[in-house]
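Throughout, protein chains are lettered first and strands after them, A, B, ... in sequence-line order, and every chain is numbered starting at 1. Computed from heavy atoms alone, side chains included, the values below leave out hydrogens, waters and symmetry copies.
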Number of protein chains: 2
Amino acid sequence: MRPPTLLDLAKELNLSTSTISRALTRPGVVRPATRERILAAIEKIGFSPNGVARSLRKRETKTIGIIVPDITNWFFGVIVRAISGAVGPHAYMMVVFDANEDPEAEAKALQSLRERQVSGIIRCPVGGENKSWEAAIASGTPVIELDRCSGLRNVDTVLIDDDQAGRIAAECLIALGHRRIGTIAGPQHLSNARGRLRGFLKALSKASITLAPELIEYGDFRESSGYIGAERLMSLRARPTAIFIANSEMTGGAIAAIRELKIRIPKDLSLIGFDDARWARYLDPPLTTISHPTPELGRCAAELLLDRLTKVKSHRKSRVIKFEPELIVRGSTAPLRITKQSRR
Amino acid sequence: MRPPTLLDLAKELNLSTSTISRALTRPGVVRPATRERILAAIEKIGFSPNGVARSLRKRETKTIGIIVPDITNWFFGVIVRAISGAVGPHAYMMVVFDANEDPEAEAKALQSLRERQVSGIIRCPVGGENKSWEAAIASGTPVIELDRCSGLRNVDTVLIDDDQAGRIAAECLIALGHRRIGTIAGPQHLSNARGRLRGFLKALSKASITLAPELIEYGDFRESSGYIGAERLMSLRARPTAIFIANSEMTGGAIAAIRELKIRIPKDLSLIGFDDARWARYLDPPLTTISHPTPELGRCAAELLLDRLTKVKSHRKSRVIKFEPELIVRGSTAPLRITKQSRR
DNA sequence: TTGTAGGCGTTATCAC
DNA sequence: GTGATAACGCCTACAA
C-alpha cells in the first residue's frame with residue numbers, strides 16, 4: 001500500500017540510501033555494476049522517488065502556478081496550453097487557478113501557491129491589492145504578468161500592444177467611411193481594457209470624430225456584458241454604424257444580441273472583434289478581428305519565468321515585452337452604406 | 001529571503017514549535033492568551049506554513065491531478081473550471097496536464113502526478129496502456145475517468161450517454177426526411193467516439209437505412225479532421241443531405257469547409273453538432289446540437305473523487321454515472337428538400 | 001566508490 | 001496546556 005522508499009530499496013540491496021539516491025541523480029558517480037543492480041531493483045519493485053520529500057530537501061518544488069481569469073475563455077485556454085508546452089520539457093508542472101475575474105479569488109490563489117512553495121507564478125491580474133504580491137516577490141518568488149499589468153514592480157510582463165490594437169480597429173472603420181462608431185470596452189480597472197479604449201478614442205479624435213458618451217459601453221469581458229452592451233448601442237436613437245468590441249467573449253454576446261435584433265452584418269453594422277478565437281471564422285460572415293499570436297504570448301511568459309528560475313538571481317531589470325496586434329479583415333466589416341438612418 | 005518557519009516563530013515567542021503548530025491546526029487546544037500572542041506574531045512577521053513539509057509529514061498533498069486531452073477545447077475548459085470550483089472549497093489545488101490527445105504525454109503526466117504524490121486524479125483518457133494506471137490505483141491513488149472510459153477497473157466514471165446521443169441525432173434527421181445521412185465520427189479507440197457512432201448507426205438501421213461506408217468519416221476530434229471529413233463527404237458523387245458530427249472541434253472545422261464550398265445550411269445540408277459550445281449560438285443559422293450539462297460532468301467527477309478521498313477506504317464498488325444528452329434544435333437542421341440531387 | 005549523519009519544516013506522540 | 005522528541009523520505013557534506 002505505502003509506496004516503497006529509498007530505505008526499502010537499500011535494505012533489499014544491502015546498500016545505503018545515499019548510493020541509491022546518487023545512482024538516480026548523478027549516475028556517473030556510482031560504479032556501473034551497482035548502478036545496474038539498483039536499476040533492476042527499481043524496475044522490479046516499482047520505486048519512484050517521493051517528490052514531496054525531494055522538494056522539501058532541495059527547497060525547490062519544480063512547480064509553477066498560473067492564475068487566469070477564466071479558463072473557459074479561448075484566449076486563456078491557449079495561454080495555458082502554451083505555457084504547459086513550454087515548461088513541461090524542463091520538468092516543471094503547472095498548478096492552475098481560475099480566478100473567475102474575482103480579485104478575492106485571485107488573492108486566495110496566491111496564498112495557496114505560496115504555501116505550496118511554487119517556484120514561480122504567471123498571472124493575468126484581475127485587479128485588487130498589490131500588497132501580498134509584493135510580499136511574494138520580496139520573498140523571492142518570481143512573478144510574470146501576462147495580458148494585463150497591475151503596476152507591480154520587479155515583474156516581467158508580456159502584453160499585447162493594446163493602444164495599437166484600439167488604433168488599428170478605429171482606423172479600419174474610419175477608412176470604411178464610418179463616423180458614428182461605437183465600442184464595447186472592457187472593465188477600466190484592467191490595463192488592457194484601458195489601452196484598447198484609449199487607442200481607439202485617440203485614433204477617432206485624430207480623425208476629428210468625437211464620440212458621444214453613449215456610444216461607449218463598458219462591459220466586464222464576459223459574454224453577457226457584450227450582449228447587453230450591443231443591445232443598448234443598437235437601441236440608441238442614433239445607432240452606430242460600426243462597433244469595436246474589446247474581447248472575444250463580449251464579441252460573442254454582442255453577435256447573439258445583434259442576431260436577435262435582426263440587424264444584418266455587415267450591411268447594417270460593421271463589427272470588429274478582438275482575439276482571433278477559432279469560431280471567428282465559423283461565423284457568417286466570418287468575423288473581422290484584432291488578432292495576436294496568442295500561443296506566443298504564453299510561451300514568452302513561460303520563457304521569461306524559466307529564465308528567472310534558471311539564472312542566478314542577479315537583480316535583473318524587469319522586462320516588458322509587447323506583441324503587435326494585427327487586423328484580420330474578414331466579412332463583418334464593410335464600407336458605410338448611406339441610408340436615411342446613418343445620414344440622419 | 002528564506003521565509004520564516006515555525007522555529008523562527010518559536011524563538012521569537014519563547015514557545016515550542018508544537019504549540020504554534022497546534023495553535024494553527026487545532027485552535028481549541030491552546031490557551032486563548034497564547035493563541036492571541038502567536039497570531040499577532042504571525043501577522044507581524046508574515047509567516048505561512050510550509051505546505052511541502054506539511055505534506056511530507058501528513059502524507060497528504062491536498063492536490064488533485066487533472067489530465068485533459070486539449071485544454072483549448074471549450075468542453076475541457078468548462079470541465080476544468082467546474083472541477084476547480086468543486087474542489088477549491090475543500091482546500092485542494094489542481095495540477096493540470098494537457099495531454100494533447102497523445103497517450104505518451106498522458107503516461108508522462110501520470111508519472112509526474114505520482115511522483116508528486118497527488119491525492120487523486122481525474123483523467124479523460126486518450127488511449128494507451130492501462131498498466132501504469134493499474135499500478136497507481138493499486139498503490140491507493142483514487143482515479144476518476146471522465147467523458148471517456150478506458151476499461152480500467154476500480155475507477156469511478158462520469159460519462160455522457162453516447163449511444164443515446166448518437167441515436168437522438170439520427171432520429172432527428174430521419175424525422176426530417178433525410179435518408180442519405182453522413183457522419184464525422186471520432187477516433188474509434190475512444191469509448192465516447194464509439195458510442196456516438198454506434199447509437200447513430202443503430203438508429204439508422206432501425207429505420208431501415210443502410211449507410212454506405214463512404215458516408216462515415218473518421219476524424220480525431222480535432223478541428224482539421226472535421227474540415228477534411230466535411231470536404232470529403234461533400235465531394236461524394238451522392239452527397240449526404242445531412243451530417244452528424246461527433247464533437248465541437250470537428251464541427252467547427254466542418255462548418256468552415258462547408259462555407260468555403262458555398263453549401264448552404266440548412267437548405268442544402270442539415271447539420272447536427274456535438275457539445276453546446278458557446279459559439280454554437282453565434283452561427284447563422286445557429287447550430288442544432290447535442291447538448292449535455294457540461295459543468296455538471298466536471299462537478300460530478302470532483303465529487304466522486306472527494307468522496308473517495310474523504311471516506312475511509314472501504315472497498316467501495318466503482319460507480320458509473322451517465323448524463324443524458326439533449327437535442328437542442330436550432331437553425332442548422334431542416335426538412336429534406338426534394339431536389340434532383342437528393343432524389344437521384 | 002560507498003556509508004554515516006544531519007537536516008529540510010512540519011505534525012504526532014508522549015511526557016510533564 | 002505546553003514542551004521534548006521522533007519521524008515523514010530525500011539529498012548532500014564529509015568521512016571512510
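Electrostatic pairing of A:R299 and A:E303 counts as a salt bridge here, judged by a charged N lying under 4.0 Å from a carboxylate O. Contact check on B:E101 versus B:R148 returns a salt bridge, with a Lys/Arg side-chain nitrogen under 4.0 Å from an Asp/Glu carboxylate oxygen. Between A:E134 and A:K131 there is no salt bridge, since no side-chain N of the basic residue sits under 4.0 Å from a carboxylate O of the acidic one.
Contacts between residues 5-14 of chain B and DNA chain C, defined by a heavy-atom separation below 4.0 Å, involve B:T5, B:L6, listed by number.
Distance A:R54 CZ to C:dG7 C1': 17 Å, rounded to the nearest Å. For A:E115 and C:dT10, the CD to C1' distance is 13 Å, given to the nearest whole Å. What separates CD of A:Q117 from P of C:dG9 is a distance of 9 Å, to the nearest Å. Protein atom CD1 of A:I38 is 11 Å distant from nucleotide atom C1' of C:dT1, rounded to whole Å. Separating the CD atom of A:E60 from the P atom of D:dC10 is a distance of 17 Å, rounded to the nearest angstrom. Taking atom CZ on B:R116 and atom P on D:dC10, their separation rounds to 14 Å, with Å as the unit. For the pair A:I20 CD1 and C:dT1 C1', the computed distance is 14 Å after rounding to whole Å. If you take CG of A:L24 and C1' of D:dG9, they are 13 Å apart, rounded to a whole angstrom.
Side-chain N/O atoms of A:S150 and A:E145 include a donor and acceptor closer than 3.5 Å.
The number of heavy-atom neighbours closer than 6.0 Å to CD of A:E296, taken from other residues, nucleotides and ligands shown, is above 12.
Side-chain proximity of B:L56 to C:dG9, C:dT10, D:dG3: nearest is C:dG9. Of the listed nucleotides (C:dC8, D:dT2, C:dT10), C:dC8 has the atom at the smallest distance from the side chain of A:R59.
Residue pairs satisfying the ring-ring contact (aromatic ring centres under 6.0 Å, His included) criterion with at least one member in residues 41-84 of chain A, sequence neighbours excluded, are listed as follows: A:F75-A:H292.
The nearest heavy atom of DNA chain D to A:G51 and to B:S16 marks one nucleotide each, and the one closer to the 5' end goes with B:S16.
Formation of a donor-acceptor pair under 3.5 Å by the A:R35 side chain with backbone atoms of A:A23 is found in this model. Listed for the A:K62 side chain is no donor-acceptor partner under 3.5 Å among the backbone atoms of A:S55.
Nucleic acid contact for A:S55: none, since no nucleic acid atom lies under 4.0 Å from a heavy atom of the residue.
Between B:R31 and D:dG1, a side-chain N or O to OP1/OP2 separation shorter than 4.0 Å is absent.
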Identify all pairs in which a protein N or O lies below 3.5 Å from an N or O of nucleotides 12-16 of chain C, and state each distance.
{"unit_1": "C:dA12", "atom_1": "O4'", "unit_2": "B:R57", "atom_2": "NH2", "d": "3.3"}

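Expressed to the nearest 0.5 Å, how far CG of A:L309 lies from NE2 of A:H90 amounts to 10.5 Å.
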